[in-house]
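These notes are about the structure you will find just below.
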Amino acid sequence: MELDSATLSRILTASTLMFHAIFATIGVGIPIFIMLAEFLGIKRKDPQLLILARRWARGYTITVAVGVVTGTAIGLQLSLLWPSFMQLAGQVIALPLFMETFAFFFEAIFLGIYLYTWDRFKNRWLHWLLTIPIVIGSTLSAFFITSVNAFMNFPQGFELVNGETVNIDPLAAMFNPATWPKVFHVVMSAYMTAAFILAAITAFAILRKKGTEYHKKALRITMIAGLVFAAGTALAGDLSAKYLAEHQPEKLAAAEWHFETETNADLILFGTINEDREISNAIRIPGMLSFLAGNSFDTEVTGLNEFPEDEQPPLWVHYAFDIMVGIGMYSLLIAGVFIILMLFKRFNEWNKPLLWGIVASGPLAMIAIECGWVLAEVGRQPWILRGYMRVEEGATTSGDVGIALAMFLLLYGVLAVFCVTVLIKMFKNRPPEAEVEKRYPNGTID
């Protein structure tokens, strides 16, 4: 079957976004842990925590380098694959696109200074202060690019007259009703995912019987933070549900297989659906969808049948929603169990079932990120700019998209191999204890 240019453009853009999401998430989440580890290291005069921050920073730079390439690819593809969309909306959202680039440069400059000034300051707190602009830059980068996505879901700040974009208000476009719940969700989930990825790496090292006091400290930091950020992500999800109920009811209805407008609407988890929209094998929580939509079981939730069939998102987004929420609950559970056992002094490095659960939490958290973006993007279908332009209307008509798809997929494969290989070589056979001994032979940072 021959695919048209619009379908190929969707496949290429989707593959780019899903690959980039890995590095973007790490790019937003890891800096706060570098900041936290160095802060605790200086405060407690603990050389192991300083080495922990240092090693996390080294690995972070590799992911940043790959993220630059994939981020550039997204910018390129917006212009080449979606010219009609950019012609309509490009000038409206040019401000956050430019500011995202500025935020990245801001972060990169201070990251370079941070990496090359270790042990250069007599007052170590001056070096730690450099982590603040890095965290600010990475978070602002997430804010600006997410505001662009929010605009695609809730376009405002312009008028369309005879096909021309007029009366443009860039600030109104950037600060639309979708921006704040989306940004909060993106940032919290990035912090949470970074916590569980770092925890998974540490737990795996302990399971390989290479665990030391250094790894225990790293695991405690990441799991405590993981619990906090998982709770924050759950709150963000609740706020997102309320936004959808008010402003994008068709997305919420598709994600929840909710077809008839009603109060006391059930929350549907898992299950299957046939062509007649009959649901089976699902778990129903009575009234919970209404409660999520408006903090009351009497809240009326708009059903999907209220919308024309050609404007309804595909129903399979329900599965992406289930996976995302399920992994979020798992993350809360595994972090909570760890902290309870830690507080009651019942956790040790030989608690293998728990450690394997933590190892699983890292890749699972990244899968949840991917499913979240699938829900966000596919749940907006058939629109590329909701209410203004459909996906097929915004796509290029070029016949060369298939060649570009093959080339970019090859590029992503090369980047993935490069990233994994460099990270392995960077830390293989280089135990942190040896680095602590080398840099702090007296066992103190003074």
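The basis for the numbers below is simple: all heavy atoms, side chains too, and nothing from hydrogens, waters or symmetry mates.
E377 and N149 share a side-chain donor-acceptor pair at under 3.5 Å. One side chain, T16 or Y412, offers a donor N or O that lies under 3.5 Å from an acceptor on the other. Side chains of E393 and Y388: no donor on one and acceptor on the other come within 3.5 Å. Residues E100 and S141 bring a donor and an acceptor atom of their side chains to less than 3.5 Å of each other. Checking Q156 against N176 by side-chain atom types alone, no donor-acceptor pair falls below 3.5 Å.
Under the 3.5 Å distance criterion, the side-chain polar atoms of H215 are left unmatched by any main-chain donor or acceptor of T202. Put simply, the side chain of K251 gets close to the backbone of A376: a donor and an acceptor are under 3.5 Å apart. Formation of a donor-acceptor pair under 3.5 Å by the K217 side chain with backbone atoms of Q48 is not found in this model. At least one donor-acceptor pair under 3.5 Å links the side chain of T233 to the backbone N or O of M188. Judged by distance alone, the side chain of Y60 and the main-chain N or O of G27 form a donor-acceptor pair under 3.5 Å. Without hydrogens or angle criteria, T421 side chain to F418 main chain gives no donor-acceptor distance under 3.5 Å. Listed for the T139 side chain is no donor-acceptor partner under 3.5 Å among the backbone atoms of I136. Side chain of T13 to main chain of R10: no donor-acceptor pair is present (N/O by atom type, distance under 3.5 Å, no hydrogens or angles). Between the side chain of T179 and the backbone N or O of A150, no donor-acceptor pair lies under 3.5 Å. Side chain of H20 to backbone of I74: no donor-acceptor contact under 3.5 angstrom is found.
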For F143 and W180, run ring pair (Phe, Tyr, Trp, His ring centres under 6.0 Å): C-alpha distance rounded to whole Å, both residues' side-chain angles, the deciding distance at 0.1 Å, then the answer. CA-CA 9 Å; F143 169 80; W180 296 115; 5.5 Å; yes
Residues T72, L76; criterion side-chain contact (heavy atoms from CB on, under 4.5 Å); working and verdict: CA-CA 6 Å; T72 303; L76 179 66; 5.5 Å; no
Test E250 against R386 for salt bridge (charged side-chain N to carboxylate O under 4.0 Å, His left out), laying out the working first. CA-CA 11 Å; E250 74 280 8; R386 184 174 179 267; 2.8 Å; yes
Verdict with supporting geometry, F321 and W316, ring pair (Phe, Tyr, Trp, His ring centres under 6.0 Å): CA-CA 9 Å; F321 175 81; W316 62 262; over 10 Å; no
Run the side-chain contact (heavy atoms from CB on, under 4.5 Å) test on I168 and T165 for me, step by step, so that the C-alpha distance in whole Å, both residues' side-chain angles and the decisive distance to 0.1 Å come before the verdict. CA-CA 7 Å; I168 297 171; T165 308; 3.9 Å; yes
Dump the intermediate steps for side-chain contact (heavy atoms from CB on, under 4.5 Å) on V166 and F158, then the final yes or no. CA-CA 6 Å; V166 298; F158 71 101; over 6 Å; no
Going through the distances and angles, do H185 and S240 end up as a side chain to side chain donor-acceptor pair (under 3.5 Å)? CA-CA 8 Å; H185 203 161; S240 295; 3.2 Å; yes
Please lay out, stage by stage, how T101 and L97 fare under the test side-chain contact (heavy atoms from CB on, under 4.5 Å). CA-CA 7 Å; T101 303; L97 286 172; over 6 Å; no
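Classification of the F33-W56 ring pair by plane angle, with boundaries at 30° and 60°, yields perpendicular.
Taking the side chain as every heavy atom from C-beta outward, M389 and S84 approach each other to under 4.5 Å. Between L80 and M86, the closest side-chain pair of non-hydrogen atoms is not below 4.5 Å. Within the 4.5 Å cutoff, no side-chain heavy atoms of W373 are placed close to those of M18. Residues L364 and S331 fail the side-chain proximity criterion, which asks for heavy atoms closer than 4.5 Å. The shortest side-chain heavy-atom distance between L385 and F151 falls under the 4.5 Å cut-off. With contacts defined as side-chain heavy-atom distances shorter than 4.5 Å, the pair V228/M192 does not qualify.
Taking the six-membered ring wherever Trp is involved, the centroid distance between the rings of Y114 and F110 does not fall below 6.0 Å. Aromatic rings of F85 and W383 (six-membered ring for Trp) have centroids beyond the 6.0 Å cut-off, not under it. In this structure, the ring of W125 has its center less than 6.0 angstrom from the ring center of F39.
Within 6.0 Å of CZ in F154 there are more than 12 heavy atoms belonging to other residues, nucleotides or ligands. Around CD of Q91, the count of heavy atoms belonging to other residues, nucleotides or ligands within 6.0 Å exceeds 12. The neighbour count for F98 CZ, taken as heavy atoms of other residues, nucleotides or ligands under 6.0 Å away, does not exceed 12.
For the residue pair A254 and H318, the shortest heavy atom distance occurs at O-CB, 4.1 Å. The shortest non-hydrogen separation linking I26 to P31 is O-CD, 4.0 Å. When all heavy atoms of M342 and I224 are compared, the closest pair comes out as CE-CD1, 3.9 Å. Scanning both residues, A293 and K242, for their nearest heavy atoms gives O-CG, 3.7 Å. Closest approach of A225 and A195 over heavy atoms only: C-CB, 4.4 Å.
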